[in-house]
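What follows is a set of notes on a single structure, which appears directly below.
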Amino acid sequence: MPEIARNLEAEPHRLRVELGARAYDIVIGAGILARAGAEIKALANGRVYIVTDANVADQHLRALRHALEAAGLETGWTIAVPPGEHTKCVAELDWLILALLEHGLERSDLIIAFGGGVVGDLAGLAAAIALRGVDFVQIPTTLLAQVDSSVGGKTAIDTVFGKNTIGAFHQPRLVVIDTDLLATLPERERRAGYAELMKHGLIADEAFFSWLETHGAAVLAGDPDFAPEAVYRSCAIKAKIVAADEREAGERALLNLGHTFAHAFEAELGYSSRLLHGEAVSFGCRMAAAMSARLGFCPPSDVLRLERHLDGLGLARRPRDLDLPPLRPSDILRQIRRDKKTKAGRTTFVLLKGIGRAFLTRGVDDEALAAFLQDELT
Ligand SMILES: NC(=O)c1ccc[n+]([C@@H]2O[C@H](COP(=O)([O-])OP(=O)(O)OC[C@H]3O[C@@H](n4cnc5c(N)ncnc54)[C@H](O)[C@@H]3O)[C@@H](O)[C@H]2O)c1
Ligand SMILES: [Zn+2]
C-alpha cells in the first residue's frame with residue numbers, strides 16, 4: 001500500500017481562475033473527495049443541495065455525503081437526475097428548480113453539481129437562475145468534465161433548436177477534482193475526455209503535449225502519479241484563457257479547436273450516443289491539424305506527431321472507424337455553414353501554426369474547405 005499512502009499525503013494542486021469578484025479555486029488531486037467537505041465549508045453560508053445522476057450516485061454519493069457530514073455541513077436535499085444528454089432539457093430544468101424550491105432552497109444555500117458535463121451544465125443553469133442565482137460548486141466525475149465543462153462558467157441545456165441553446169454564464173465558487181473518481185468511468189468515456197485534455201496542450205502548451213506523449217497512457221489509466229498533474233496542467237491552460245476572455249469575445253474561441261468539425265459530425269448524426277462529444281473532438285483536432293498543414297500554416301511533421309499520439313492511445317482516426325454511417329462531405333459542409341460560428345458565410349476556424357500554437361482565422365475560403373472535406377472524408 002505505500003503507493004496509496006504517498007498519494008493521500010500529497011498536497012493537492014490548486015489553481016486560481018482570476019476573474020476579479022468571481023475568482024475561484026480549482027483543487028485537484030487523487031483521493032481528495034474526502035477533503036471536499038472542508039473546502040466547501042469555508043464558503044457555505046447555508047445548506048448544501050447535491051445534484052447528481054443515477055450512475056454517479058450509485059458509485060460515489062455515499063463518499064461525498066460522508067465528506068460533507070464529516071465537515072459538519074447541513075445537507076438540504078439530494079437529487080439524482082437520469083443519466084444522459086436528454087436530461088439537459090427544459091422539462092428537466094423546470095422540474096429540478098421547482099423541486100429545489102419545494103425542498104426549501106434559499107438564496108444563501110449552495111448547490112453541488114456532482115457528475116459529468118450533463119449534471120454540471122443542468123445544475124449550473126439551475127443555480128444561475130433559481131432565486132436569481134445561488135452559489136454552486138462543481139465536483140466533476142468524468143474526465144471531460146474535469147478538464148473542460150466544470151471550468152469556465154458556461155452552463156446550458158439543449159432545445160429543438162440545437163445544443164446549448166438556453167444557457168447562462170455562471171461561475172462556480174469552487175471546483176474540486178478527484179481523479180480517483182475516474183476509476184469507475186467506462187474506458188470509452190475516459191478516451192473521449194482525454195481528447196479535450198490533450199486539446200489544451202495542442203492549443204497553447206507544446207511542453208505539456210510532449211509530456212503527454214510520454215505519460216498519456218498512465219493518465220488514461222487514471223494513475224494517481226500522473227492523472228492529477230495532467231488535469232492540473234490542462235485546467236491551467238483553460239483557466240488562463242477564460243480569465244482573459246470570460247464571455248468569449250475573442251481568445252476564448254481558441255478552446256473550440258477541432259469543434260467546428262466535431263459539431264458538424266455530431267449534428268449530422270443527430271447527437272446520437274454512437275458518437276461521444278470527445279470522440280468527435282478527437283476527429284476534429286486531427287482534421288484541424290491536417291487542414292492547417294494543407295493551407296501551409298503548420299509543418300506536416302506536427303500533424304504526424306498528433307496522429308501518432310492519438311493512434312498510440314487507441315483514439316479512433318475517423319468516424320468510419322467507430323462503425324458510424326458514412327458522412328458525406330457535402331453534408332458536413334452544410335452543417336459547418338449552419339454552425340453558430342459561421343457569420344456572413346465565413347466560419348471562424350481554429351487552426352495550428354504547430355503544436356501548442358493555435359490561432360483564429362476567418363480566412364478559409366469555401367472552395368478550399370470543400371476540397372479538404374472531399375479528400376478527408378472519402
Ligand atoms: N459547460 C461547458 O463548458 C461544457 C464543455 C464541454 C462539454 N459540455 C457538456 O458536457 C456534456 C458531456 O459531459 P460528459 O462527457 O461528462 O458526459 P455525461 O455527463 O453524460 O457523463 C457520461 C456518462 O458517464 C457517467 N458517469 C459520470 N461520472 C462517472 C463515474 N465517475 N463513474 C461511472 N460513470 C460515470 C454518466 O452517468 C454518463 O452516463 C455535454 O452535454 C456537453 O455539452 C459543457
Ligand atoms: Zn468540447
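All ligand and atom numbering here is 1-based and tracks the order in the structure.
Taking the charged nitrogens against the carboxylate oxygens, Glu39 and Arg14 do have a contact shorter than 4.0 Å, which makes a salt bridge. With respect to Arg308 and Asp311, no salt bridge is recorded, no charged nitrogen being found less than 4.0 Å from a carboxylate O. Looking at Glu268 and Arg328, no side-chain N of the basic residue comes within less than 4.0 Å of a carboxylate O on the acidic one, giving no salt bridge. Residues Asp375 and Arg294 are paired through a salt bridge, judged by an N-O separation under 4.0 Å between the basic side chain and the carboxylate. Ion pairing between a basic and an acidic side chain is recognised when a charged N comes within 4.0 Å of a carboxylate O; Arg317 and Glu307 show such pairing.
Here the shortest heavy-atom distance to atom 17 (O) of ligand 1, taken over Gly117, Gly124, Gly84, belongs to Gly117. Residue nearest to atom 3 (O) of ligand 1, selected from Gln146, Lys154, His259: Lys154 (by heavy-atom distance). Among Asp180, Asp58, Val118, the residue whose heavy atom lies nearest to atom 19 (O) of ligand 1 is Val118.
For the pair Arg274 (side chain) and Asp323 (backbone), a donor-acceptor distance under 3.5 Å is present. Judged purely by atom type and a 3.5 angstrom limit, Glu279 uses its side chain to pair as donor or acceptor with the backbone of Leu276. Side-chain atoms of Gln146 do not come within 3.5 Å of backbone N or O of Val231 as any donor-acceptor pair. Put simply, the side chain of Thr75 never gets that close to the backbone of Trp77: no donor and acceptor are under 3.5 Å apart. Using a distance-only test at 3.5 Å, with no hydrogens or angles considered, a donor-acceptor pair links the side chain of His170 to the main chain of Val134.
With ligand atoms numbered from 1 in the order given, ligand 1 contributes 43 (O) to contacts under 4.0 Å with heavy atoms of Asn164. Against a heavy-atom cut-off of under 4.0 Å, Thr184 is close to the following atoms of ligand 1: 30 (C), 31 (N), 32 (N), 33 (C). Within ligand 1, the atoms closer than 4.0 Å to a non-hydrogen atom of Lys163 are 40 (C), 41 (O), 42 (C), 43 (O), numbered from 1 in the order shown. Listed by number with element, the atoms of ligand 1 under 4.0 Å from a non-hydrogen atom of Pro83 are 37 (O), 39 (O).
Between His60 and ligand 1 there is a heavy-atom distance shorter than 4.0 Å. Residue contacts with ligand 1: Glu189 is included, with a non-hydrogen atom under 4.0 Å away.
When side chains are defined from C-beta on, Leu352 does not count as touching Asp302, because their heavy atoms never get closer than 4.5 Å.
Given atom 28 (N) of ligand 1, the protein heavy atom at minimum distance is Thr141 OG1, 2.7 Å. For atom 4 (C) of ligand 1, the nearest non-hydrogen atom of the protein is Ser149 CB, 3.2 Å. The protein heavy atom nearest to atom 35 (C) of ligand 1 is Leu185 CD1, 3.6 Å. The nearest heavy-atom contact from the protein to atom 37 (O) of ligand 1 is Asp53 OD2, 2.6 Å. Distance from atom 6 (C) of ligand 1 to its nearest protein heavy atom, with residue and atom name: Asp148 OD2, 3.6 Å. Scanning the protein for heavy atoms near atom 25 (C) of ligand 1, the closest one is Asn55 ND2, 4.1 Å. Looking only at heavy atoms of the protein, atom 7 (C) of ligand 1 is closest to Leu144 CD2, 3.7 Å. Scanning the protein for heavy atoms near atom 21 (O) of ligand 1, the closest one is Thr142 CG2, 3.6 Å.
Checked against a 3.5 angstrom limit, the closest N/O atoms of Val151 and ligand 1 fall outside it. The N/O atoms of Lys88, backbone and side chain alike, include one that comes under 3.5 Å of an N/O atom in ligand 1.
The Zn ion (ligand 2) has no N, O or S atom of Asp148 inside 2.8 Å of it.
Looking at Asp121 against ligand 1, only its side chain comes within 4.0 Å, counting heavy atoms. Only the side chain of Glu85 comes within contact range of ligand 1, with a heavy atom under 4.0 Å; no backbone atom does. By the criterion of a heavy-atom distance under 4.0 Å, the side chain of Val56, and not its backbone, is placed next to ligand 1. The proximity of Asp158 to ligand 1, defined as any non-hydrogen pair under 4.0 Å, does not occur for either the backbone or the side chain.
Under the side chain to side chain contact (heavy atoms under 4.5 Å, CB included) test applied with Leu125, the options Ile97, Asn164, Leu96, Thr155 reduce to a single match, Thr155.
Of all the N, O or S atoms in Glu196, the one closest to the Zn ion (ligand 2) is OE2.
Note on ring orientation: taking the six-membered ring where Trp is involved, the planes of Phe226 and Trp211 are tilted (angle from 30° to 60°).
Checked against the 6.0 Å centroid criterion, the rings of His309 and Tyr194 qualify as a close aromatic pair.
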